[in-house]
> 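Please read through the structure below; I'll follow up with questions.
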Amino acid sequence: GQRRDEEAATSAESLAVTEAARDASVYECDQLTATVSRQTAKATVLETTIAEMSATVEALQTEVASLEDTLVDFETEITETQDIITAAEGDAAKSALTITKLRDELVQIRQLRDEEAA
């Protein structure tokens with residue numbers, strides 16, 4: 001009977017060790033599941049952040065393209081304005097020349113009038 005008691009004790013110890021190992025494995029699995037859940041949540045947050053940043057980048061690219069178009073429009077307007085100024089300067093030079101000719105003619109007319117009066 002003693003041998004049976006020893007075998008039973010050994011079996012009980014073996015069972016206790018197996019149950020402890022199983023409990024430890026279950027605990028480890030629970031820990032890993034929790035870790036995976038946390039990492040999945042972090043990944044979801046990162047995906048959302050990346051999507052938001054991508055949208056922001058696209059919006060900025062659109063804005064830059066719009067600003068570039070506006071810049072081209074301004075450059076065109078500046079060129080047109082410079083052309084108008086150049087034309088106006090040419091007109092002013094012609095007007096100055098005409099005024100000079102008219103003054104010269106006026107001087108000649110006065111001289112003729114003075115000569116006729118004398």
Side-chain angles (χ1 to χ4, degrees):
Q2 185 181 354
R3 182 170 177 151
R4 231 184 228 174
D5 289 345
E6 286 175 9
E7 283 178 8
T10 304
S11 288
E13 280 177 31
S14 179
L15 185 62
V17 168
T18 303
E19 285 178 351
R22 187 199 63 208
D23 290 348
S25 292
V26 168
Y27 176 79
E28 261 183 64
C29 280
D30 289 347
Q31 291 300 100
L32 286 172
T33 301
T35 301
V36 168
S37 292
R38 284 194 302 273
Q39 296 300 335
T40 302
K42 284 182 187 175
T44 303
V45 169
L46 285 174
E47 284 171 358
T48 303
T49 303
I50 288 168
E52 288 169 357
M53 287 179 166
S54 295
T56 302
V57 167
E58 283 177 26
L60 288 172
Q61 286 171 336
T62 302
E63 201 172 323
V64 167
S66 175
L67 288 172
E68 285 171 347
D69 290 346
T70 303
L71 184 60
V72 169
D73 291 345
F74 280 148
E75 286 170 350
T76 303
E77 282 182 36
I78 288 168
T79 302
E80 289 171 358
T81 304
Q82 286 172 335
D83 291 346
I84 291 168
I85 289 169
T86 301
E89 286 171 345
D91 290 346
K94 288 178 189 168
S95 294
L97 197 60
T98 303
I99 289 168
T100 303
K101 286 181 184 174
L102 288 173
R103 280 191 181 139
D104 290 347
E105 287 179 25
L106 188 59
V107 168
Q108 288 176 353
I109 290 169
R110 283 187 181 147
Q111 284 176 347
L112 286 172
R113 190 189 61 202
D114 290 347
E115 287 172 9
E116 285 177 13

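Each residue takes its place number in the sequence, starting with 1.
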> Determine whether the side chains of R22 and S25 contain a donor N or O and an acceptor N or O closer than 3.5 Å.
no
> When rounded to the nearest 0.5 angstrom, what is the spacing between CG in L60 and CE in M53?
12.0 Å
> Knowing that exactly one of L102, T100, L106 qualifies, which makes a side chain to side chain contact (heavy atoms under 4.5 Å, CB included) with D104?
T100
> Between the side chain of T81 and the main-chain N/O of E77, is any donor-acceptor distance below 3.5 Å?
yes
> Quick one: CG on D83 to CD1 on I78, what's the gap to the nearest 0.5 Å?
12.0 Å
> Nearest 0.5 Å please: distance from the NZ atom of K42 over to the OG1 atom of T49.
13.0 Å
> Are E28 and Q31 close enough that some pair of their side-chain heavy atoms sits under 4.5 Å apart?
no
> Can you tell me how far apart CG (L112) and CD (E105) are? Round to the nearest 0.5 Å.
11.5 Å
> Evaluate side chain to side chain contact (heavy atoms under 4.5 Å, CB included) for V72 paired with E68, printing each intermediate quantity in order.
CA-CA 6 Å; V72 169; E68 285 171 347; 5.7 Å; no
> Does a salt bridge link E7 with R3, judged by any charged N lying under 4.0 Å from a carboxylate O?
yes
> Once side-chain contact (heavy atoms from CB on, under 4.5 Å) is applied, do any residues pair with I109, and if so which ones, sequence neighbours excluded?
none
> Going from CZ on R103 to OG1 on T98, what distance comes out if it is rounded to the nearest 0.5 angstrom?
12.0 Å
> If you measure from CG on D73 to CG on L67, what distance do you get to the nearest 0.5 Å?
11.5 Å
